Protein chains: 2
Amino acid sequence: MTEGATQPMVRATLEDVARAAGVSLATVDRVVNRREGVRAKTVARVEAAVAKLGYRADVAAARLARGQSFRFAFVLPTGSNSFMTNLSEQVQRAADWLAGQRGFIDILHVDVFDPDVLAGALDDLSPVYQGVAVVALDHPKVRDAIDELTARGVAVVTLVSDAPSSRRLHYVGIDNPAAGRTAATLMGRFLAAREGKVAVIAGSLSLRDHTERQFGFHQILTSEYPNLATLPVIEGRDDSARTRELTAALLKRHTDLRGIYCCGAGNRGIAEALEASGRARDVVWITHELTQHTRRFLVRGTLDAIINQDPGHEARSAARVLLAHCMEEPISPDQERIRIDIFLRDNLP
Amino acid sequence: MTEGATQPMVRATLEDVARAAGVSLATVDRVVNRREGVRAKTVARVEAAVAKLGYRADVAAARLARGQSFRFAFVLPTGSNSFMTNLSEQVQRAADWLAGQRGFIDILHVDVFDPDVLAGALDDLSPVYQGVAVVALDHPKVRDAIDELTARGVAVVTLVSDAPSSRRLHYVGIDNPAAGRTAATLMGRFLAAREGKVAVIAGSLSLRDHTERQFGFHQILTSEYPNLATLPVIEGRDDSARTRELTAALLKRHTDLRGIYCCGAGNRGIAEALEASGRARDVVWITHELTQHTRRFLVRGTLDAIINQDPGHEARSAARVLLAHCMEEPISPDQERIRIDIFLRDNLP
DNA sequence: CTGTTAGCGCGTTCAG
DNA sequence: CTGAACGCGCTAACAG
């Protein structure tokens, strides 16, 4: 048995360090927190003591003494598709957690799909907020509103949907082109060498994430799977009824339709059309986001794979990033990276 | 714009509650922490005040006042395969994080594949530890050692490899039969309707996780993909050289070998044999764990998919579960559930 | 440049 | 059954 280095039995306190270095508490505090006004020689002495005793600041005590608290606004879509409902719930849970850490989250619901409304909501945001997480839109007005907040010293993170041209601090969400490529690889491989057509259904091509997914999907499908022809993108406006009609028309018109990639919402409509057509097991259907509905379609075999982003992880990550920024603490990039999950029937959580 | 309920501007303290309820600090504390010795009437009055003010205990202050600290042992394998090395690093990072929360982690490396050695290490563990995380082995001696620790009041979580018959508090790891089923579905679908043989390479069939994966794999492949015949399982002992020989022999002997599922380690050997044979692009190869090696094989196209468990998540989860148990706090199951990740070339993190 | 001191919000004695 | 008072480890304001 090989022992690793064991930690000291009880942690050293600032006072222990002060005694060891022969200085006062305040001086040690200055050195540890890298504040000005200490002679280089003294700094060295203190740092030696810190190293010798293995001193680590007690975050609980520091937070208590600092007594600062934080207030963040989470700007989420009104609307009620399953994914966004789920995201709201997860933000609420992250808020409960943060409340124990002297952090408060207010959730604001706005129509994030209207650039004017969204920009207006950001402009009107109360100045009490030190941080904002927003499901953004890549539009000049929104970008300006974000930049204005940033200029006022407010930390802004974009959530799920990015505004890359803005000065937001951080984007919490998946790499959408990569998600589209992932869907394409699954589609191409599931269809093996079969020939035929593949349809792409987006919510709206004016949504950057849908466009990016579609872009990644096309990129791989056309370059690596020449046996499959992609049909022009269809916009279902994330609406089930409309998407059902469009899908039904698609199935009727193209008897050689082999696959459907849905890079937005409206999945219930697709499922209905597919099942009504009797070709559900024959057509490979890949979509985004694990919800109660898509889970059912996957288990039933109508849906073949789900590309997912974990809303719980996203909500917690946004909260952590904002908190870390306010406390001037570093974040650990690979804990904050949102992964592109692939779910098949067999690895559903 | 719809506003969510906004939180109070400053959090209520115990003292605020005491004043509102017309009692003292100590009484509120007793009620809040569900201690004995308070009249029912007083309890009710305090609880009303708590509800009215939306009081939430400040965890930082509570931790500071309690001043308790925790010490955990993480028992990890000696040996040096990439996954375990990675796990060690992640445990070290979790330890750095915990150190700020008054928690200390000592890392012990033992030969976890030898039941006697592992059980001995657990038996000999210093009594200073309130919690132990162990990469376990499903063996009576190990089970007894875990149960003995549990009986002594030590919280035990199994990590990556479980001992389900023991009285461990919690298992931090993936559902291995489900992981095997996931691999089988990918294999079956990637091979579409092609006919031929599929080989399964395990490290050792006396390792429960390898057996479970292999079981799940067979289950799906035989029931859903009758076009594919599975060859008898081969044991590569997680050794690259040996696995290379075995794979080469396999490729030579079965000209209709269509797929290889590796449910253990030794991936470098498989890659070498596949690439040497010139059939790397033809044979579908699926394996476990994202490492620097498997990443390369996947990007290069020799490997088709990786089934992964995130060691960073596992290390943090084990630490959180132990900490929560010691502080008698609840855990949130879906944050602690370890997912079965699927990585293709396109969604690598 | 450095030291002293008064809390931060809560848990835990110990008296009443 | 209830209350007063001290201290956890650290920060910040002030004094020297």
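Labels below follow one simple rule: chain letters A, B, ... track the order of the sequence lines, proteins then strands, and each chain is numbered from 1. Worth saying up front: this structure is predicted, and the values here are computed from it rather than measured.
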Handout entry: N or O in side chain of B/T13 less than 4.0 angstrom from C/dC8 OP1/OP2
Key = no
Exercise for the section: Answer with base, sugar-phosphate or nothing: what part of the nucleic acid does B/A57 contact at a heavy-atom distance below 4.0 Å? Expected result: sugar-phosphate
Practice task
Identify whether any heavy atom of B/L64 sits under 4.0 Å from a base atom; if not, whether one sits that close to sugar-phosphate; answer base, sugar-phosphate or nothing.
Solution key: base
Practice task
Go through C/dC1, D/dA12, C/dC10 for me and flag the one nearest to the B/A65 side chain.
Solution key: C/dC10
Problem - Nearest non-hydrogen partners of A/L323 and A/F72, listed with the distance - result: N-CZ, 3.8 Å
Exercise for the section: Establish, with yes or no, whether the OP1 or OP2 oxygen of D/dG3 is under 4.0 angstrom from a side-chain nitrogen or oxygen of B/S24. Expected result: yes
Handout entry: First of A/T42 and A/L25 reached from the 5' end of DNA chain C, by closest nucleotide
Key = A/T42
Fill in the blank from the handout: A/D16 CG to D/dG9 P, in whole Å, measures 8 Å
Completion exercise
Atom CD of B/E15 and atom C1' of D/dA4 are separated, to the nearest Å, by 12 Å
Handout entry: Euclidean distance, atom CZ of residue A/R45 to atom C1' of C/dT2 [Å, nearest integer]
Key = 11 Å
Problem - B/R66 vs C/dT12: side-chain N/O to OP1/OP2 distance below 4.0 Å - result: no
Completion exercise
Here the distance between atom C1' of C/dC10 and atom CE of B/M327, to the nearest Å, is 13 Å
Fill in the blank from the handout: The nucleotide from D/dC8, C/dT12, D/dA13 with an atom nearest the side chain of B/D29 is C/dT12
Exercise for the section: Examine C/dT2: is either OP1 or OP2 under 4.0 Å from a nitrogen or oxygen in the side chain of A/R30? Give yes or no. Expected result: no
Handout entry: Phosphate OP1/OP2 of C/dG3: any A/T27 side-chain N/O under 4.0 Å
Key = yes
Exercise for the section: Among D/dA13, C/dG9, D/dC10, find the nucleotide with the atom closest to the side chain of A/A62. Expected result: D/dC10
Problem - Distance-only side-chain donor-acceptor flag, B/R63 / B/Q101, under 3.5 Å - result: yes
Exercise for the section: Report the residue (B/A61 or B/R35) whose heavy-atom-nearest nucleotide on DNA chain C is the more 5′ of the two. Expected result: B/A61
Practice task
Would you mind classifying the nucleic acid contact of A/G37 as base, sugar-phosphate or nothing, using non-hydrogen atoms under 4.0 angstrom?
Solution key: base
Fill in the blank from the handout: Which of D/dC8, D/dC10, C/dC10 is nearest the side chain of A/D58? It is D/dC10
